[in-house]
Structures are given as structure tokens and as C-alpha cells.
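All chains are named by letter (A, B, ...) in the order of the sequence lines, taking the proteins before the strands, and each is independently numbered beginning at 1.
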Amino acid sequence: MPIKTEPMTVNIGPQHPSTHGVFRLRVTFDGEEILEVEPIFGYLHRGTEKLAEERNYTQIVTLTDRLDYVSSMINNQAYCLAVEDLLGVEVPQRAKYLRTLTAELQRVASHLMGIGFFLQDLGTLGTPLMYAFRSRERILDLFEMLCGARITVSYMRPGGVFFDAPDDFWPALDQFLKDFESEYKEIEQLILENEIVMVRTRGVSLLPLDLAINASVSGPVLRASGLDWDWRKRDPYDAYDRMEFDVPVATGGDNYDRFWVRIQEIHQSIRMVKQCIQQIEPGPIRADVPLILRPPVGAEAYGRVEASKGELAFYLVSDGGISPYRCKVRSPSLINLTVTEHLLVGWKLADMIVTLGSLDINMGEVDR
Amino acid sequence: MSHGRPTNQTPAEISLTPDEGWHCSHLYYEFDRGVLSSMHETKRLDGRDELSLPSVYHVWRGADFQEREIWDLMGISFSGHPNMKRIMLWEGFEGHPLRKDYL
């Protein structure tokens, strides 16, 4: 005799350790199976876009740190590219390399966190997360040498970067790269071919390519569905046109592929960091820009980068004043969340947490 | 894409007062065999209340949260959107904060 069950609605979050911040999912279950999903957010809404209209162009850099707070450098970069577009400023070569270098280190740090928390969501009780954090910590130490801050770096400025790297930065970076090689091999051995990880994530929560494109999904989530799409290749900014790297693409679009793409991207980022060290030359680190920036009246710019979560863009409109008339943030995490419903419906409760981990969202960026 | 492209708009047009209306920019991405082509369309809305545009939800799913965000913060609703409600702020919040006359 089949056992009858009643559908039950449960709130997962907003205070739930596996929702990566203050994120709520209203889920209707039939037993363990998911029938309906509604993502609810806004708990971390600070009105960044409105605040930006009240601050001058240099001050907004500090606001961008607090969007995706695990990849602040890349947020800085996207914003600075937009402002430089507005002003028509040419960035010096050394600054371009320093930006590329720090952005790639930040991508490694962000992906390490993504991988660590993904495995944490699978139920690994902290071991891989601590392995990932061990390396991430070293990157944050490097950032501290550069600008005195670890998370809210504000290292980049319109026209270049704020400080040149101190002399002891380069040996420390070399030492990190040397250690990271073996540290990362250790992480990979631990997780990449792990049978439990494979069984739990292969073929789960499939994202077909046509839906991924239709829903404007970007970043590792899109590349895991089979599209070779990376702004660093398609529209190179800063020093990416001089970097040699591959774009890892998977075809399955399942949880494992999203996880796998991030693991492979760390290799490519380290490759680029090494190229930056080889190619960087002494020179000025910031273009000659005034203290108070006043872009021309009616100018508009769209600064776009490939952030660790996907396409991050700042759309700025100037009315000739010292602060932008409008500052729109195209945040990848928010738009990647569009597919949550499709990914979750029909799967089990335990898969839900893992799928959320595989999307690697950041609530600072979703809510803004 | 619009890289630092100055528009032909005069200062008066850019700093619209709420009585005159709103400039509404649509920026879409289209993928054509892996090559990006973009479409930029500007429409002018008159008045302050009950502003509405047709939704593109059924063409691009990615517009889902973004249209809700525009409704929440700018106060422009999208007809045809299946779930047109506030997204960042709570239901019952008064006003649309990103409007220039809000604060």
C-alpha cells in the first residue's frame, strides 16, 4: 500500500549556514522531493546604487568592495574600467599588470572559497574547507602587503592602482606560488576523483545550455553548461590581451561540472599570475588624473569584467557633476539565481543545498 | 558596446525632473553563434505614476529578477511579468528609492 504524503512548505534560511549569507528559499516538499521553489532575498540590501549617486567617483571604489566581498579586487577593477571609459584615461602598463595580477589572485581566493563551501554543503565537515582556507589566507596576506587590507581592499583607483607593490611583495608571491603548487595538488587529490563527490553530484541539477543562455547566466555556471564564454578572451581588458590561458569548458551542466570548472580555472589563474610576474616592468602606476573627477556631461560607460561569479558590470551615467547620475551594477550572482527554480524542482532536499553551493552565490552582490 | 560614448543628450535632457518623465534604457544581449550582438533601445515614459512597459520575461528568462528590481527601486512596472512584486524591499514599503525625488 503506498504511503500518502501531504506537501509541506518549509523556509530554508535566512539564517541557515548553507545559504551563503542571508538568503531564504521557500520550498514546498512532497516527502523529500522538491515541488516548488521561491528564492527570497533583499536582507542585505544596502542601497549601493543610491549611495553611489551621493559620493564622488573615487569614494565609490570603497562601496564596490562590499558587493561581492570575497572578490573585492575584481569589483574594483570593473568599476575603475567604467570610470576610465567615462574620462577617456589611458592606464599605465605597470598598473594594468598589477591589476591583472591581483584580480587573478583574487579569483583563486574566491574559487577556493567556492570549492570549499561546495564540499562543506556536501557534508565534508570542514576538512576540504580548511585546506582551501589555508591557501586563501596566504593570498589575503599578500593583499595586506599591497594595500593594508585583506577583504575590503580598495586597491584600484580610476587611472591605475593606489600603491606600487613593496619590495618584499615579490619574494612573498614567489614563495606562495611555490607552496601553492603542492597545496593545491593535495586539495585536488582529496576531492577531484572522490567517489562520494562523484556519486552525489554527477548528473544532478542539470542546466541545459539553451536555458543558461536564455536566463543570461554567466561565469563558471555558463561554462559548465558547454559555452566557451569568457570576457577575458572575448573582450580583453587590462593586460589580458597579453596573457596566454585556456578557458575550461564542461558539457554536462550538472553540479560536478560547475565544481570542476572552478577547479580548472584556478590552474589558469595561477598560469596568468606567473606570466604577469615575468612581463611586468617598472613604470608609473597611476595615470595623471585630478583628485576630483568630473566626466563630461552626458557621458555613459559600461565597464565589464569576467568576475569569479560571472559577468560583473558597472553602468555609469554622468551629468557633469562630481558623482555619477546613475550607477547600475549588473551583478552575476543575482542573475545566476534566475535558474534556481529550474535546477531544484524534482530533486531531493539534500541536493538542494549542494546545488546552491554549486551556483556559488554571494549575497552582498545579490542584494547590493 | 558603449565604451565612453558621449551621447547627444543635452544637460536638460539628462537631468530630467520627475514631472517631465523618464528615460528608460533597455540593454539586451543576443547570442548569435557565440558572437555577441547587442541591441539598445530608449523609450520615453511620461508622468510619474503607473508607469508601465511590456515585459520581456517570456523572451529572456534573465529579465525576471531585473524587471522586479526596476519595479521595486524605480517604480516602473512590467505588464506580462508573472510575479511582479518587490524584490529587495519588503511588501508595504512606500516609494521607490532610486527615483531622484525620493531623497
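Counting non-hydrogen atoms of other residues, nucleotides and ligands closer than 6.0 Å to CD of A/Glu341 gives a total of 12 or fewer. For CD of B/Glu94, the number of neighbouring non-hydrogen atoms (other residues, nucleotides, ligands) closer than 6.0 Å is 12 at most. More than 12 heavy atoms of other residues, nucleotides or ligands lie within 6.0 Å of CD in A/Gln59, so this atom counts as buried by the packing criterion.
In terms of modelled atom types and a separation under 3.5 Å, the side chain of A/Lys50 and the main chain of B/Leu73 share no donor-acceptor contact.
A pairwise comparison of heavy atoms in A/Asn214 and B/Arg61 identifies OD1-N, 3.0 Å as the closest pair. Across all their heavy atoms, A/Ser216 and B/Gly62 have their closest contact at OG-CA, 3.8 Å.
Side-chain contact check for B/Glu69 versus A/Glu49: some heavy-atom pair is nearer than 4.5 Å.
Residue A/Leu337 touches chain B through both its backbone and its side chain, counting heavy-atom pairs closer than 4.5 Å. Contact of A/Leu334 with chain B is made through backbone and side chain together, with heavy-atom distances under 4.5 Å. Neither the backbone nor the side chain of A/Glu84 comes within contact range of chain B, judged by heavy atoms closer than 4.5 Å. Within the 4.5 angstrom heavy-atom criterion, no atom of A/Val339 approaches chain B.
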Salt bridge (Lys or Arg N to Asp or Glu O under 4.0 Å) for A/Glu38 and B/Lys85? Distances and angles first, verdict last.
CA-CA 13 Å; A/Glu38 190 192 354; B/Lys85 57 181 190 185; 3.1 Å; yes
Going through the checks in order, is the side-chain contact (heavy atoms from CB on, under 4.5 Å) test met by B/Phe65 and A/Ile335?
CA-CA 7 Å; B/Phe65 292 152; A/Ile335 295 167; over 6 Å; no
One pair to check against side-chain contact (heavy atoms from CB on, under 4.5 Å): A/Arg326 and B/Leu98. What are the steps and the verdict?
CA-CA 9 Å; A/Arg326 173 90 172 99; B/Leu98 270 186; 3.6 Å; yes
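Note that CG of B/Asp72 is 7.0 Å distant from NE2 of A/His45, once rounded to the nearest 0.5 Å. To the nearest 0.5 Å, the span separating CH2 on B/Trp60 from CD1 on A/Ile213 amounts to 13.0 Å.
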